[in-house]
Structure formats: C-alpha cells, structure tokens
**Q** 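This is the structure I want to talk about, given as structure tokens.
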Amino acid sequence: MANFAKSSVPRFSAEVYQNEYLPEGGREVNAIVTVTATGGGTSGGLPLFAAGTDAGGLGAARGPESAGAARHAGVVIMVDCSGSMDYPPTKMRNAREATAAAIGTVRDGVAFAVVAGTHQAAEVYPGGGRLATADPTTRAQAREALRKLSAGGGTAIGTWLRLADRLLTDADVGIRHGILLTDGRNEHESPEDLRATLDACAGRFTCDARGVGTDWEVKEVTGIAAALLGTADIVADPSGLAADFTRMMEAAMGKEVADVTLRLWTPQGAEVAFVKQVAPSVADLTGRRTESGPRTGDYPTGSWGDESRDYHLCVRVPAAGVGQEMLAARVSLVLPEPGGSAPRTLAQGLVRAVWTDDMAASTTINPQVAHYTGQAELAQVIQQGLDARKSGDADGATAKLGRAVQLASASGNEDTAKLLAKVVDVVDAATGTVRLKAKVTEADEMTLETRSTKTVRVKK
C-alpha cells in the first residue's frame, strides 16, 4: 500500500483484499480495493481547487503554488417549478424552504446559483449568466429571490442541466456540483435528448438528484445521478425536503478534491472483466473507461472529501501452470496536474495471481469479495423483482424479492431488509421465503427501488 500527501490534497490510501491463489489453468482474479481519503488541507477554511476537467472528474485540485486562480467550489441548485409542484400547494413552499436551507449551508467564498426548471430553465439568482459568491449579503439576496419561484409549465430536465453546466463552466471553479429536485416525469423532452445532455455533462460536474412525492420516474432520477456521479434518493413527504437539502449541501461543502481517477494497469494478454464501485453504493464503471496509456485505463470516481469507498475489480489473466505467479493488475489513484504534466499518483495497490495445486487455497473466496458480490446481486434482484411485480409476474417477483431478503439478511444490510419488509411478508429470511404483500404504497415501492444500490461494508 502506498500513500501520498501534499498540502491541499487529502491523503489517499489503497488497500487490496483478495485471494491471489488460482488453480492450474485458472484465469479470473477478483479483488476489492478500499480507497480512503483523509485530512485534506485548506486555506482560510476553504479547499484549494483548480479549473479544468478530464473524462471523469470535476476539476483538478491544485497545490498552493497555483491556488489563486480558482479557490472554491461552485454549486447550482435546480428546482422543479413545473405545474405539478402546485399540487398540493405546500410542495412548492417546501421546495422554497429547502432551497433556502441549502443556501444557508453554502460556505463563504463558494460560488452558487439557483435555477428554476420547467420546460425551459431560468436563472433565479443571481442572474446574468454568472454565479454569486456566498457571503451573508448574497445568501440573504438569494433567499429573497426564492419568493419569485412559482409553479407553472412542463418538465424538460436536460435544459436545467445544460444551464447549470454553462454557469459552472463560466465560473471557472474546481469543484462543480449540482443539486436537482423534481416531482414529475421528464415529459417535455425525449429520452434521447436527456441522454445526450447527460453524455455532454458527464465529467464536467457532479449532481445529486432527488424525487419529491411519488409522481416521478425512479429510473430517470437514478439515471441522472449515476451519469453525473452523484447520489439519488426519494423524499416522499415534501416536509422532509429542507433536512435533505441541508444534508446534501453539507456533503457538497465537504468535497476537497476532484478529478481523481482510478487507473488500472493490466499485463499483456489480460482483459478487464469489470470495475465497479461497491460501497457506499453499487455503480458499474466498466463502460466509462478511457484509455490512458499502454494497457492502462482510467475510471471516474467523482469528487472526494474525507471518506472511504470500495471498488471490485475482476481481471482475466492468461492461464499458467502451478508455481507461476504474476502481477495481475496495478491500481492507482491519480490526479491530473495543470499544464499537461504527468499526473500525480496519490495511492497504489497491487493485485497478484499465484497458481497452486492446493485445492483449499485456490477455492477459498475472500470474505470482502464474497460480501460485495452478494451486495451487487442484491441490488440486481431487487430491481428484477420490482420489475416483475409491475408486469404482473407474481411468481417471478416472489422469487427475486425472496432472494433479496436472503441476501440482505446474510450480509447485515438492515436498512434494505426493512425496506423489503414493506413490500413482502418475510416468512423465513435465511431461506428467502416470502409472500408478496397484497397492498404496497407507491412511496414504499419507490423508496426500495431508489435505495436498492446502497450497500453495507463487510461485517467485522
């Protein structure tokens, strides 16, 4: 394990968990890599950031020697103001209050803006195609401007995201973040148009997405968050928006470095089967690889504060005989440097392959690998079970959701187990024996679907 530290950048470490032993002729190597960032430096209470992005991040952190150009984060709050936000009228009021609470959490010096979203996007504050710099005066002005928010019009989320992207890009800030709230389906824009917007915005800013009430489409909201490396959740009761927005903004204010990528080197003849983030939630990064050199590829990780995440790597190596060993993969956390110079390596871990005729050694599954394989399956079978339930396939839904109950119980994922218990009656969690509930509220079903990718770490 290697560590790297420099003022203004958190210290990163990478720890590899695997069973390196393969049977003769074995090819598949699995490993869990735990990446931890701690102790980011600040200047005047603010992290030091740089402008500029790559395919996977939000703007590279700079060292003290070049911090003056862009010293703070930028955040744009996108509030759904479509006509449905007036039903009931308290929904719009709760959205205004939640946005005001989030603005109150923006740290001095951070750039911010508020956008009203309907079938088009409009700047609410500060206007003029720019971001305001947070201080007591601008925060008060922004809260006053929220009085203008009223419901009316349709929903075209891509227009909101494109405006946020323009505002954040023109502000030349390092950490670029969005918070998006919607209460309905994206009915005034084609799925292809939204997809094109997400492709255009990916790697330019991160975005947390929230659905309020129960009239929105889970796959739309979670798809936005997944594409833009943010979080997704449901706020079924609009009265909970203020607390949720405050938590989101506090998390955004805690980000200290962006543009960190997970770089994977593999030897000649090897191929990457998949790369997934598996904690704190499941996110498949395999298709987001960008080539970065001979036999190396980069995977986006978004922005980091003081936190720890787990990644599951699966590499297929050339088969070999008993007694041989090789480096199956080298995992690095890298940070681009300004001016096109060589990127900094923040941490590194090695994945090995050793061929043996010891059957006990080669058939043992590493506990971390086994755990996260189960967590990824848990997310998958929940989605499959809910889809089957919606299509009227009661037997398929019972089988899949029963398997989900079994996996949640075995792994100690108590939060997911509680959500499953609102959709099925659990007869025996250990065997996955369940019965579908006759009546399930839409909020309970949507909550389970939205939070299905949240994982728990290996039980100690």
Side-chain angles (χ1 to χ4, degrees), residues 75-106 112-122 124-125 139 142-157 159-161 164 177-188 207-225 230-252 415 418-419 422-423 439-452 454:
V75 60
V76 176
I77 305 171
M78 293 160 274
V79 184
D80 191 337
C81 292
S82 61
S84 57
M85 285 291 288
D86 235 359
Y87 301 96
T90 52
K91 194 189 293 183
M92 193 72 242
R93 186 182 73 233
N94 289 138
R96 283 193 292 265
E97 291 173 353
T99 306
I103 289 168
T105 311
V106 177
F112 76 103
V114 180
V115 167
T118 58
H119 53 283
Q120 55 192 6
V124 174
Y125 183 83
R139 282 192 290 266
R143 286 192 289 266
E144 182 64 26
L146 295 178
R147 297 177 183 271
K148 304 173 189 174
L149 290 181
S150 60
T155 305
I157 294 173
T159 65
W160 317 353
L161 293 168
H177 194 80
I179 290 177
L180 185 148
L181 172 72
T182 184
D183 82 322
R185 293 172 176 83
N186 198 41
E187 295 176 335
H188 294 81
C207 185
D208 294 323
R210 294 295 185 267
V212 59
T214 57
D215 293 328
W216 48 280
E217 178 60 50
V218 172
K219 288 181 174 60
E220 282 181 354
V221 170
T222 56
I224 291 166
T231 65
D233 208 350
I234 179 174
V235 185
D237 184 346
S239 66
L241 278 174
D244 187 75
F245 266 45
T246 300
R247 285 192 297 269
M248 274 195 293
M249 189 62 78
E250 286 174 345
D415 289 342
K418 289 175 183 176
L419 295 176
K422 295 182 178 182
V423 177
K439 292 184 177 180
V440 178
T441 69
E442 199 166 11
D444 285 340
E445 186 173 348
M446 291 176 70
T447 301
L448 174 60
E449 184 176 4
T450 306
R451 298 178 184 173
S452 62
K454 296 184 184 298

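What you see is a predicted model; the values in this text were computed from it and never measured. Start at 1 with the first residue, then count along the sequence.
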**Q** Measure across Lys454 and Ala232 and return the closest heavy-atom pair with its distance rounded to 0.1 Å.
**A**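 Answer, listing the atom of Lys454 first, then Ala232: NZ-O, 4.3 Å.
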**Q** Under the side chain to side chain donor-acceptor pair (under 3.5 Å) rule, what pairs show up with a residue in residues 86-102, not counting sequence neighbours?
**A**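 Qualifying pairs: Lys91-Asp183.
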**Q** How many angstroms lie between atom CZ of Arg210 and atom CD1 of Ile224, to the nearest 0.5 angstrom?
**A**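 Rounded to the nearest 0.5 Å, the CZ-CD1 separation comes to 12.0 Å.
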**Q** Tell me, please, which residues at least two apart from Lys219 pass side-chain contact (heavy atoms from CB on, under 4.5 Å).
**A**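 Residues passing side-chain contact (heavy atoms from CB on, under 4.5 Å) with Lys219: Glu217, Gln383, Asp387, Glu449.
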**Q** List the residues meeting side-chain contact (heavy atoms from CB on, under 4.5 Å) with Asn186, not counting sequence neighbours, and say none if there are none.
**A**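 Checked Asn186 against side-chain contact (heavy atoms from CB on, under 4.5 Å); matches are Thr155, Ile157, Glu189, Leu194, Glu220.
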**Q** Could I get the full list of side-chain contact (heavy atoms from CB on, under 4.5 Å) partners for Thr105, not counting sequence neighbours?
**A**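 For Thr105, the residues satisfying side-chain contact (heavy atoms from CB on, under 4.5 Å) (neighbours in sequence not counted) are Thr246, Met249, Glu250.
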**Q** Which atom pair, heavy atoms only, marks the closest approach of Ser150 to Met92?
**A**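 Closest approach of Ser150 to Met92, heavy atoms only: C-SD, 4.2 Å.
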**Q** So how far is it from Asp80 CG to Leu149 CG, rounded to the nearest 0.5 Å?
**A**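 Here the rounded value is 10.5 Å.
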**Q** Minimum heavy-atom separation for Gly83 and Ala151, please, with both atom names.
**A**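 In this case the closest contact between Gly83 and Ala151 is O-CB, 4.1 Å.
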**Q** Nearest 0.5 Å, what's the CD1-OG1 distance between Ile234 and Thr222?
**A**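 Taking CD1 in Ile234 and OG1 in Thr222, the distance rounds to 11.5 Å.
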**Q** Determine, stepwise, if the pair Phe245 / Ile77 fulfils side-chain contact (heavy atoms from CB on, under 4.5 Å).
**A** CA-CA 10 Å; Phe245 266 45; Ile77 305 171; 4.0 Å; yes
**Q** I need the Cys81 SG to Lys148 NZ distance, nearest 0.5 Å.
**A**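 The NZ atom of Lys148 is 12.5 Å from SG of Cys81, to the nearest 0.5 Å.
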**Q** First locate atom NZ of Lys422, then atom OG1 of Thr447, and finally report the distance between them rounded to the nearest 0.5 Å.
**A**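 One gets 7.0 Å once the value is rounded to the nearest 0.5 Å.
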**Q** To check you understand the geometry: which heavy-atom pair defines the closest contact between Val115 and Ala121, and what is its length?
**A**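 Scanning both residues completely, I find the closest heavy atoms to be CG1-CB, 4.1 Å.
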**Q** Can you name the residues that form a side-chain hydrogen bond (donor to acceptor under 3.5 Å, both in side chains) with Asp237, not counting sequence neighbours?
**A**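 Expected list: Ser239.
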**Q** Apply side-chain hydrogen bond (donor to acceptor under 3.5 Å, both in side chains) to Thr159 and list each qualifying residue two or more places apart in sequence or on a separate chain.
**A**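 Partners of Thr159 by the side-chain hydrogen bond (donor to acceptor under 3.5 Å, both in side chains) criterion come out as none, since no residue qualifies.
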**Q** Arg139: which residues meet the side-chain hydrogen bond (donor to acceptor under 3.5 Å, both in side chains) condition with it, sequence neighbours left out?
**A**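 Scan of Arg139 (side-chain hydrogen bond (donor to acceptor under 3.5 Å, both in side chains), adjacent residues dropped) gives Asp108.
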**Q** Which pair of heavy atoms, one from Val114 and one from Val79, lies closest together, and at what distance?
**A**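 In this case the closest contact between Val114 and Val79 is CG1-CG2, 4.5 Å.
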**Q** If every non-hydrogen atom of Asp208 is compared with every non-hydrogen atom of His177, which pair is closest and at what distance?
**A**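 Between these two residues, the closest heavy atoms are OD2-NE2, 2.9 Å.
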**Q** Taking side-chain contact (heavy atoms from CB on, under 4.5 Å) as the test, write out the residues that go with Ala142, two or more places apart.
**A**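 side-chain contact (heavy atoms from CB on, under 4.5 Å) list for Ala142, sorted by chain: Ile103, Phe112, Tyr125.
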**Q** Keeping the roles fixed (side chain from Trp160, backbone from Thr118), state whether a donor-acceptor pair exists under 3.5 Å.
**A**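 Yes; judged by distance alone, with no hydrogens or angles, the pair exists.
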**Q** Could you tell me which residues satisfy salt bridge (Lys or Arg N to Asp or Glu O under 4.0 Å) with Asp233, sequence neighbours excluded, listed by chain and number?
**A**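 For Asp233 the salt bridge (Lys or Arg N to Asp or Glu O under 4.0 Å) partners, ignoring immediate neighbours, are Arg451.
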**Q** Mind checking side-chain hydrogen bond (donor to acceptor under 3.5 Å, both in side chains) for Thr450 and listing every partner two or more places apart, or none if nothing turns up?
**A**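 Listed in chain order: nothing, the list is empty.
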**Q** How long is the gap from CE on Met85 to OG1 on Thr182, to the nearest 0.5 Å?
**A**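 Met85 atom CE to Thr182 atom OG1 measures 8.0 Å (nearest 0.5 Å).
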**Q** Let's go through Met78 and Cys207 carefully: what are the C-alpha distance in whole Å and the side-chain angles of both, what is the deciding distance for side-chain contact (heavy atoms from CB on, under 4.5 Å) to 0.1 Å, and is it a yes or a no?
**A** CA-CA 10 Å; Met78 293 160 274; Cys207 185; 4.0 Å; yes
